[in-house]
Amino acid sequence: MESIAKDDKGNELEPEKHSRESSSNGCTIVYVLGGPGSGKSTQCSKIVRHFGFCHLSVGDLLQAEVDSGSDNGKMIQDLKKEGKLVPSDIVVKVLEKAMQGSKNKKFLIDGFPRSQENLDAAQQILKIDPVFVLFFDCSEEEMIKRLLNRNQGRVDDNIESIKKRIKVYFESTLPIINYYSSKGKIRKINAERPIEEVFGAVKDVFSELKEASMESKSSTN
């Protein structure tokens with residue numbers, strides 16, 4: 001894996017200025033990436049409460065489609081059983097619908113982009129680009145342990161499906177993390193620590209964004 005631009009200890013590599021809001025139609029976009037069981041959703045709920053973002057979990061949006069009983073939902077269900085990624089055109093549709101339906105202009109997009117196809121769709125169809133990417137770094141061993149312990153009754157929370165999901169993550173999503181690392185947009189968080197310790201590091205990252213936004217506004221006045 002390539003060098004990470006900045007981790008939660010403050011180490012930096014080729015930092016990219018992000019003192020202005022994302023140009024994605026006037027929205028502020030933050031992507032949240034990490035393997036299954038890395039704690040993304042838990043941390044996203046805390047970010048929403050503390051920083052006022054709209055949390056869009058691609059996994060939850062796709063599950064809602066499954067629950068609707070639609071043809072797309074049935075296909076998504078079958079893909080999840082196999083640990084495979086949902087086609088980008090479907091992911092983009094549910095994500096675009098959710099963004100258009102929100103009055104909030106600050107989006108925390110959880111679990112996207114997960115592949116090069118997702119990334120291309122985001123840039124070419126949705127025309128969105130993140131101010132930074134929050135990356136929850138967690139070992140395969142820890143992810144498996146967490147997923148087996150949570151046992152939420154999901155079709156993909158058995159050991160075979162878990163291993164397939166993690167394999168897909170390493171094959172498809174790590175290249176995306178490397179891509180954004182090369183652009184200086186990765187903010188790496190050690191996700192194996194207790195929840196509050198992890199959020200302490202997350203707060204530092206978002207405080208940095210808030211300060212940069214305030215500086216940007218003052219410079220335009």
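Taking each heavy atom of N118 and S88 in turn, the nearest pair found is ND2-OG, 2.6 Å. The minimum heavy-atom distance between I186 and S181, with the atom names listed, is CG1-N, 3.4 Å. In plain terms, the two heavy atoms of D137 and K188 that are nearest each other are OD2-CE, 3.0 Å. When all heavy atoms of L85 and L79 are compared, the closest pair comes out as O-CD1, 3.9 Å. Summarising the geometry of G34 relative to Y169, their closest heavy-atom pair is C-CE1, 3.6 Å, with the distance given to 0.1 Å.
Within the 4.5 Å cutoff, side-chain heavy atoms of S70 are placed close to those of E65. Counting heavy atoms from C-beta outward, P36 and I166 have side chains that approach closer than 4.5 Å. Inter-residue side-chain proximity for P130 and Y180 is flagged as met; some heavy-atom pair is nearer than 4.5 Å. Taking 4.5 Å as the limit, some side-chain heavy atom of F132 sits within range of a side-chain heavy atom of F206. Contact annotation: the side chain of E82 never approaches that of D78 to less than 4.5 Å [non-hydrogen atoms, C-beta and beyond]. Looking at heavy atoms from C-beta onward, I90 lies in side-chain contact with M75 at the 4.5 angstrom threshold. Using a 4.5 Å heavy-atom threshold, the side chains of I189 and V198 count as touching.
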Subject >> Stepwise side-chain contact (heavy atoms from CB on, under 4.5 Å) check, K105 with T28 >> reply: CA-CA 6 Å; K105 292 298 182 182; T28 298; over 6 Å; no

Subject >> Stepwise salt bridge (charged side-chain N to carboxylate O under 4.0 Å, His left out) test for R146 and E142 >> reply: CA-CA 6 Å; R146 290 179 180 181; E142 180 65 18; 2.9 Å; yes

**OP:** Kindly indicate, with the supporting measurements, whether the criterion salt bridge (charged side-chain N to carboxylate O under 4.0 Å, His left out) is fulfilled by D129 and K183.
**Re:** CA-CA 12 Å; D129 192 47; K183 291 183 170 294; over 6 Å; no

**OP:** Take S139 and E192 through the side-chain contact (heavy atoms from CB on, under 4.5 Å) test and state the conclusion after the steps.
**Re:** CA-CA 8 Å; S139 68; E192 296 196 20; 3.0 Å; yes

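Going from atom OG of S38 over to atom CG of L33 covers 9.0 Å, rounded to the nearest 0.5 Å. In this structure, M143 CE and I162 CD1 are separated by 10.5 Å, a value rounded to the nearest 0.5 Å. Between the CG atom in N149 and the NZ atom in K145 there is a gap of 7.5 Å [rounded to 0.5 Å]. In this structure, K127 NZ and C27 SG are separated by 14.5 Å, a value rounded to the nearest 0.5 Å. Here the CD atom belonging to Q100 is positioned 9.0 Å from the CG atom belonging to L126, to the nearest 0.5 angstrom. We find the OG-CD1 distance between S182 and I177 to be 12.5 Å, quoted to the nearest 0.5 Å.
With respect to K167 and E171, a salt bridge is recorded, a charged nitrogen being found less than 4.0 Å from a carboxylate O.
F135 and V168 are assigned to two separate hydrophobic clusters, defined by single-linkage of ILVMFWY side chains at heavy-atom distances under 4.5 Å. I159 and F170 fall within the same hydrophobic cluster, defined by Ile, Leu, Val, Met, Phe, Trp and Tyr side-chain heavy atoms under 4.5 Å apart, directly or through other members. Linking Ile, Leu, Val, Met, Phe, Trp and Tyr whenever their side-chain heavy atoms come within less than 4.5 Å puts I125 and L56 in one cluster.
Screening I128, I176, L134 against Y31 for a side-chain contact (heavy atoms from CB on, under 4.5 Å) leaves a single residue, I128.
Among residue pairs with one or both ends in residues 88-101, none qualify as salt bridge (Lys or Arg N to Asp or Glu O under 4.0 Å); sequence neighbours excluded.
Between the side chain of T173 and the backbone N or O of R114, at least one donor-acceptor pair lies under 3.5 Å. Panel note: side chain Q43, backbone I195; a donor-acceptor pair is recorded below 3.5 Å.
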Output side-chain donor-acceptor pairs under 3.5 Å for residues 44-55, partner residues at least two apart or in another chain, one line each.
| from | atom 1 | to | atom 2 | distance (Å) |
| --- | --- | --- | --- | --- |
| S45 | OG | T42 | O | 2.7 |
| K46 | NZ | E196 | OE2 | 2.7 |
| H50 | ND1 | K46 | O | 3.1 |
| H55 | NE2 | D110 | OD2 | 3.1 |

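Residues that satisfy the side-chain contact (heavy atoms from CB on, under 4.5 Å) test with V58, not counting sequence neighbours, are L62, V91, L95, I109, F112.
Around CD of E160, the count of heavy atoms belonging to other residues, nucleotides or ligands within 6.0 Å does not exceed 12.
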